[in-house]
Every structure is written in C-alpha cells, then in structure tokens.
Amino acid sequence: MAFLGQEEQIREYQDRFKYLYAALFIGFIIILGRLVHLQILQGDKLRQVSMENHLKRVKIAAPRGMIFDRNRTLLIDNRPAFDLEIIPQYLKESKQSERVIHQLAKLIHMSDQEIKNKLDKARTQPSFMPVKIKVDLTRDEVASVESWKIDMPGVQVEQEIKRTNIYGDIAAHLLGYIGEVSQTEIPRLNKMGRRQYKLGDNKGKSGLEERMEETLRGIDGEKMVEVDALGRVKLERGKGRVLGAAIEKPAVPGKNLILTIDQDLQLAITKAFGDKSGSVVAIDPRNGEILAMVSRPSFDPTEFSRGISPVLWNKLLANENNPLRDKTLQDHYSPGSVFKVVTAIAGLEEGVIDENTKFRCTGSIRVGNRVYHCHSKRGHGEMNVVSAITQSCDVFFYRVSQKLKSVDDIAKWALHLGLGRKTGINLAREASGLVPTEQWKQKRFGDPWNAGETVTVAIGQSFVLVTALQLANLYASIANGGTLYRPFIVKEIESFGGQVLKEFKPEALDKTRLSAKTYELVKQGLWGAVNSPHGTGFWSKLPGMDFVGKTGTVQVIRIAADKIYQKCESMKFRERHNAMYAGFAPANNPVIAVAVIGEHACHGATFAAPVAKAVIKTYLEKYYPDIYGEKVLAARLKSKAKPVGIPPKPVNENEDIVANDDFENSRTTAPPKEPVDADDADAGGEQP
Amino acid sequence: MTHSSMESPAPLDENTSRTGMYEEELKKFNWNLILLEIAIFGIGMWNLISATAVQDKSLGLYKHQLVWFVTALAATGLVLLVHYSLFSRLAYLIYFANLLLLVAVLFVGKSSLGAKRWIGFGFFHIQPSEFMKLSLIICMAKYFETDRTIGGYGLRDLLLPTVLVAVPVGLTMMQPDLGTALIMMLIGVSMFLFIKIQGRTLMMIAVCVAVAMPVAYKFALRPYQRQRLISFIDPQADPRGSGYNSIQSMVAVGSGKLFGKGYRKGTQSQLNFLPEHHTDFIFSVFSEERGFVGCVILLALYLAFMMGGLSVAHQSHDKFGILLSLGLLMMFFWHIVINLGMVMGMLPIVGVPLPFMSYGGSALVTAVLAVAVLTNIANKKFMF
C-alpha cells in the first residue's frame, strides 16, 4: 500500500507542476517588464544620469592678456609659480608622516605645526585630494624639495600660473592688480558682462586690469575628464579612455595691451622720485598719449595675484602715504603757482592785458579790507606778463584778475584747457578737480562770490583743485597751442599672437586755440622760469633742451601771517608745502608735457623741477638722439650754436629786471635755503 | 524492493556489449542542463573579465572563477557516476556534516567585510553556507520522501522539517549572511507548499508571519540590514548613503538602453560607481554593457534552463527525485529572481549571487553540483 500511496502522491505532485511553470513565467515576465521599463522607457534619462555621474568638467585656464609698453617692453606676464602640496593619502600610507613633515618643514622654512594645521584643515575633503601647504616656493625651495622628494611620499610641487608685474611696484596703480572674484560680486558681474564668472576666477580689481578686463580676460576652456565614484581622475587605460574621446573646448587667451607708456621714463621717474610721496604724469602734447604715469609710494601687484597675505595688506593700509591710492588721478591738490598761466591766458585772451601791460608789485595789495601778499616780501617791482610768469609774481596776477569781468573768465579758460572736469582717461576713480565760478559758489555755499576770492583763484588757491593728470594735460594743451586731447593710455590691442586688432586714435575734446600772441607770451614766461637767472626753476634748467615750465610750492594748511615765511623743512611733515612743477619741452614744437607733485616735499624748485628735468632729459635723449643725444648736445653747446628749433626770444628782457626787488629772486639761482620760492605763501591773504 | 528493480536499467541481462550500450546511453543522455550551464557560464566569464578589469580588489579575479568552474565540472563527472539514491541514503549525514561546518565558521571562520563566512583550506576558502543549501534540499527531500502524511500537512507535521530549515538559517544569519539565509528559507517554504499544507495551517502560518515580521525587523535584523530595507522603500531618502547602491545599479541597467554601451565600456562599473560589481551586481555590468538585447538573450537562457530543470523534475518517477530536483530548481529560481529584482531596484539589497554569472567559488561550485545532480536525475534510467 505504501507503494500505491507513493504512486498516487507522485501523480499528485506532477499535477502541481503547472503552478510551478506558471510561477516561473510570471517571475520572468515581471523581470522582463522591469528591463523594458529601465532600459527602453527610461533608458535615455538613465544614460544621461550615468554620463553626468562619471564626467567631470575641468577648467582649462585661459591665459590673461599680457601688457607691454609703447616699445613692446613686457610689463605684465603670466609666469609659472610653484606651490607645495601634500596628498594626505600617500603621506598616511607611508606610515612616517612625522618624519616627512619634519623634513619638509625644514626645506620650505615652515614649522611642523604649521604644516599639520594645514593638513588638519583639509581633513574633511577626500584624502587623495592635494592640500596646498605653501604657495610661491622660491627657486631654492623647489630645488631642494625636488631632490628630496623620493624620501617624502605624498609631497609634490605643483606648477601654477601667476600674474607677474615684471617691474614690481612700478606703475602698479596704472596697471592695477587682479584678485579672485568674490561671491557677492558674481551675480552683478554676470548680469552685466558677456562672460560668466565662477568662484575661483580672477578679475582685474584696479587700474587697467580692471578697466580692460573684457579685453585682457580670456575665455576659459573646459574638458571633460572621467572620474570614478570617488572623484578621482582616471588615467587613460590602454589605447583609449573608457568612453572614447573626451569632449574638449580649448581656452581662448586674452588680448594683449600695448600702452602709450615708456618704461624707461617710468624707471627714470621712480629713481628721481626717491622715497617721496606724490605723482608724476607725462603726456605727449601732440596727441594726448600718456608717456609716464607714476604714483609713489607704490605696491607690487604680483603680491595680490594669488591672494595677498594679511600681513602685507595691513602694512599697505597702515602706511600713512597711502601706497594703494593712485595719486595721479584720485587725489587733487591746490595747484598754486602752476595755475598762474591760466590767469595769464585768460587776461590775454579776454583782452584785459597785452604784452605791454605792466603792474608794479610792492609785495602786497589790498582788496577790500584784506591784504594779499606776494611771495616776495619786498615785491617784484614793475612786472609784465612774461616776467610775472618767470618770477611767479603774485601781485601781477591779482591785478589781472581784478581787471577781468569776473572769476568766470578764468574758469572759462581753465575749462578750455582741461581743468575742472575729468580728463576722460580710461581709468577708474578719476577725480574731477574744481574750478570755481560765481554760480558754483552760490549753489554750493549759498553765498555770493566775493572779490577777494577772485584774487586767490588767480594764483591757483582758494577753491581751485587739480589732479596731477589734469595738470599735465593743462600744460600739454598749452604746449600745443590750445587743443585739449583726451589723455589715453592704451595704444593698441593685439591678439595673443601679436596681430594688431585695434589702434586708439587721439581725440581732441576742445579745439579752442590760443592766439599766437598769447601762446608766444606764455611760452616766454615759462621759458624764463627755468632758463632765466630770475626764474623760479632756474636751478633745474637743461642746457640746450629748452625745457620750460612753472614751479609751485603750495601750503597745505593755513599759516598765520607771522609764520608765512617760516622755513618749510622745520615744519611737521604733514604740514609741509606740496612741491609742484608743470612744464613741457622743447619750447618749440613740444613733444612732452610733465606735471610733478611732491607731497610735503617743500619746494617746487628743489624737488619737483629736478624730477621733471629727469623725465624730459630721459625722453629727449631717447627719442631724439640726433638733436638731444648727449654728445650732439655737448658739441652744440660747445660751438655755441643756436638752439635747434625756434628758441623763445625773451622779448622784454630788459624790462624783466626792472626793480631792485629782483635781487631777491635772483637769489633763487643758489640752492634756496630760505623759503624764497614759497611763492604761494600768500594764501594767508585770507587774513584781514 | 520493487521500487529499485523497476528503476534499474532493464537490458542488463541481455547480451548487448557494454560499449554498445554506453554509446546508446550517451546518445540518449540529457545534456541540456549542462550545455545551458556552460552557455550561461561562458557569457558570465566573458562578462566577468570586463567586470574584473576594474582597478580595485576585483582585478583579475575571473581566473579564479575559471579554475572553480573546471574543478566543479570534474566533480560533475563524479556525481554522474553514482545513482542519486545515494544522496537519499547519505542525506542526514550530509546535512549534519554541513551543519558542523557552519558551526565551525562561527569559531574559526575568516572575516571579511564584517562577516564571518569562510573556512580556510590552505590555499582556498569555502563558504559552507552555500553548500548548506544543497545539503538542506537533500535532507528535506529525504524527510518528505519517507514521510507518510496523507492529505496535507498540519502544523504538527511541519514541526520537524521547520527545525531542519531553521537551524541552518539561524546559523547562517549569525555570520551574518542574510541573502543565503533568505534563500534557505524560501527553499524550505517552496517545498512545504509543494508537498501541500492544510489550508487552515497555511492561514495560521500567514498570520504568524505577519505578526512576527515587525518583531523580526526590530530584533533579528542588524542596523545595516534594516537600513537596506528602508532605502529599498525610498532609495532617494539617502542617495549618497544606503540608497546609493540601489540607485547606481538601476542607473547602470537603464543606461545600457537597447544595445548597451559596449564591452568594457560600462562607465558605471568600470569607474567604480557600482558596488560589488563582480559579485552581487554582476547583472548591472552585463546589462549596462550589452543592453536590452543582451539581457533578453541571457534571460532566455535562464528560462530555458529552468524549463529544462522543471521537465526533469516533472518526468521523475520517484518521490525523492521529484523533491530533490524541485528543491534544486527552487534554489535557482529564487537566486535568479531575488538577484535580478535587487539589481533592478524591485527588491531590497540582499547579498544573493546570480548563478553562473556572479564571482564566487562556493556559489559557483554549488550551482554546478546542483546541475550535476539534476542531470543525474534526468539520466537516472541510464545509471546503475
């Protein structure tokens, strides 16, 4: 029976197989359905997900455009810099971290603890990602690390690109510095600009780097690299990558700038300027090209390009001479005597004076119930316009201004010559300066203009404010006979390969010409100031180069009447006079105009004029060697030949030395020990 | 016994030459399962070469797999030489010997990835829990063969077989090896259902299981196992953590699309996005690189294998043969269904390898031996 029972059971079992087949088919159909769902219906989407999973965009940094001076001397370059990195994973695996860190610390001049701190800070990131330990290794450090590298697992030297100002702090303000864009400015930048910025991108932060950002900045390329699940970049295996060719978009380098600047001039200025604070601007009066633009003290933008150290930054901020400020155009000053030419031009052009007009200087005049002093206590005696400019006679210009209808006549000519408004140079944060008018004062203070103010404006005091750039532009404009050009700094834009893409042309902003007579008289006055023994700048004359110009020594604070003639050097530094000089050369067909401002440098004649002299000498010798070359010039001076070009003839030479008061001025031919050339000490004229 | 005389080859007493008989036998020999096994293994090997080309712990492991397969095929020959009734006779011995090994694992086992699953034998290691599946099936087949219960099993009748299943399951979970324990349970349940349980009993069991589940979830599962369950229900809850494997695997399968990314071009596996790409997630590698078309071909082979196996069981004429082959097929069925379900995000992640495809010596040898036993049953009438 047992057997029969089993037979039955077997048949029963076999009956149940249909359920098994059914279960099998159902199972496989479900699996097939899922496959269809994933691979066919969702295939495209999941393929995309898998692509994004393993492809990582890697930026190919585009080189920023280089900057050259007018003679193609490289000023700013992208140079390799070497950083030290540690890959913590390898360090850990070596099981001798302590020894490696200790050895490394000695080689790169850091303490063990500093290195450990840096590694600790990076603990949250994957351990195969390099940690930057030190940026900008010196050449010696690179060499020693490289030679001991075998003993230091996980230590590596990484090459990076660093924006390098080849001449360090020279022209730092003009060229500017770059820095990483900040999180907060990215949305604003990306709204305005065509090119998108990402965190970690660099951007010009000042000077030309900022202004020409669109031109200098290249377009970063990108490539897709395959990464594994841990984000590690996979090396190529066998012939091809896992996915075949990677997608790549090459980087487009930025465009180069060719500046109007002459680097030799910049160097000469920096040398002549020494450790003083102030600025120098040189302009080609024929077209408005900026030949030199220097603000001292300065800083090295290279220090900024990879993140400035807080120590250095604080040091720059703490310096009371403000190295970060561009003194050529961000600061304005009372021009003082250098402004007198404007008053002269206004008087001549408005017809209130001519070459024969003479005023007698007695050392002061009274306007209303106030006395306005001349810098010469005893007075200059009989003055005409040429000798007044030459000797910087305040009283003469007081009288001229009194003859004019109002201060607005001076303002009119000041504006024609580029003062009181931005010069329009392509640099940020330019100050506009100030040329007061009656209307301006009414509006600004609600007070009517008073006659005494006109008098002080005539000698560049009271409300008048100019920047060094405006001053240079003023003298450039005078030098070319009245045409005001927009000063410009970028001469050409060329492709990274050196092909010229754009040339900048001179742009005349104001074509009001000076009459030939006015031009001649002003030039003679300026010639005399440097070349006549009575001139305030005689000490700086350049034999044979026909260097003309005007000195100025401007009080920075009001000085009580009894202290007006106090020795400048004995004052507190911050209270010392500003030294000014503005001029051009050669007198005939001028090719360069210069303005120098030395903050608290006391005397225009002893500090500012020699700097200008250095600029002009360098420039003329370099660009006109057959006329102004050292040997040619020496030969010409020896043979006593007439100067080349048209030598300005001092028409009224005899009248120039009229009064015995001139004795005082002639003493300026010796190094001035007394503040005789403190020709603007008359600001104290405000006193009753 | 009448039983055995009926089963023994009839023409023995006739004067046919032995060689002629063998030729005849060989002609009629059912090679189906072995051929399908070799075909699937071939695909598996080809796929494994790609999967183990990844620069990680799996690099070059396919060679070991090949050695195991060849060894197991040799063992297949040995299995074919005996009559499967031998397993019936040795069933309890095999069962208890294997249980001993399982116990031994807990004490002298080799740890890897937080689990003690292996016993070392000089230059190789075996995973007794894999072989336990075979031992359990043989033991269960033996138990039900000799059992005389008629007209459906009640609770009391199931007590002993339940213990037979529960002991190895418990030992395996202690390693822990949830996947293998689960497979053992499913094999047990499948066989219980096949031999017919009383409706009333079935209901009771269902209720008990429903009640026991939350308790088991709380106490029997380890935190990481619970986490797997949670992330199965909502993989996006923690896509970088526990849901990661499931998401990456689905992405791998789906991204294969119709024709796949090409051999050795599966980015998900080659770039290490897939976890355990050479073992439990081997199907993701295959489907990513070979696409829907490849998957359908592989599924068809598995289906043919299962059909061939079922027909063996179906045509078997003794209780032990039916139960044994059925148990073995259930083992394959659950391995395939659970592995594919897990890989395609339909089931929680449990470590269940895909037969003949996943890397793993013990699992492969177990599968090949199972095929050997099935082939033995299929060809029983030609055996001694």
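So you know, we letter chains A, B, ... as the sequences are listed, proteins then strands, and number each from 1.
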ask   = How far apart are the C-alpha atoms of A:Ile30 and B:Met346, what are their side-chain angles, what is the distance that settles it, and do they pass the side-chain contact (heavy atoms from CB on, under 4.5 Å) test?
value = CA-CA 10 Å; A:Ile30 290 172; B:Met346 294 189 290; 4.1 Å; yes
query = Applying a criterion of heavy atom separation less than 4.5 Å, what residues of residues 37-49 of chain A form contacts with chain B?
reply = A:Leu38, A:Gln39, A:Ile40, A:Gly43, A:Asp44, A:Leu46, A:Arg47, A:Val49
note = Tightest non-hydrogen contact, residues A:Phe28 and B:Leu299, listed as CE2-O, 3.4 Å
inquiry  = My understanding is that only residues two or more places apart in sequence, or in another chain, count here; which of them pass side-chain contact (heavy atoms from CB on, under 4.5 Å) with A:Glu180?
reply    = A:Asn202
key: Segment of B:Phe333 engaging chain A (4.5 angstrom heavy-atom cut-off)   = side chain
ask   = Can you name the residues that form a side-chain contact (heavy atoms from CB on, under 4.5 Å) with B:Phe283, not counting sequence neighbours?
value = A:Leu35, B:Phe286, B:Ser287, B:Cys295, B:Leu298, B:Asn339, B:Leu340, B:Val343, B:Met344, B:Leu354
Pairwise distance NZ(B:Lys196) to CG(A:Asp15) - rounded to 0.5 angstrom = 10.5 Å
ask   = With a cut-off of 6.0 Å (strictly less than), are more than 12 heavy atoms of other residues, nucleotides or ligands near OH of B:Tyr263?
value = yes
request  = Rounded to the nearest 0.5 Å, what's the gap from CG on A:Leu20 to CG on B:Leu326? Could you check?
outcome  = 5.5 Å
inquiry  = A:Tyr19 vs B:Leu193, test: side-chain contact (heavy atoms from CB on, under 4.5 Å). Steps then yes/no.
reply    = CA-CA 11 Å; A:Tyr19 301 117; B:Leu193 287 174; over 6 Å; no
inquiry  = Under 4.5 Å from any heavy atom of chain A, what part of B:Met307 do you find: side chain, backbone, both or neither?
reply    = both
Closest-packed option against chain A by number of heavy-atom pairs under 4.5 Å, given B:Ala252, B:Ala313, B:Gly260 = B:Ala313
query = Parallel, tilted or perpendicular for B:Phe194 and A:Tyr13, by the 30°/60° rule?
reply = tilted
key: Straight-line distance of B:Gln248 CD to A:Ser50 OG, nearest 0.5 Å   = 9.5 Å
request  = Measure the CD1-CZ distance between B:Ile322 and A:Arg16 for me, rounded to the nearest 0.5 Å.
outcome  = 10.0 Å
With A:Gln103 via side-chain contact (heavy atoms from CB on, under 4.5 Å) - residues at least two apart = A:Arg99, A:Trp148, A:Asp151, A:Met152
query = How long is the span from the CD atom in A:Gln14 to the NE2 atom in B:His314, to the nearest 0.5 Å?
reply = 5.0 Å
key: Residue part contacting chain B, namely of A:Tyr21, when any heavy atom lies under 4.5 Å   = both
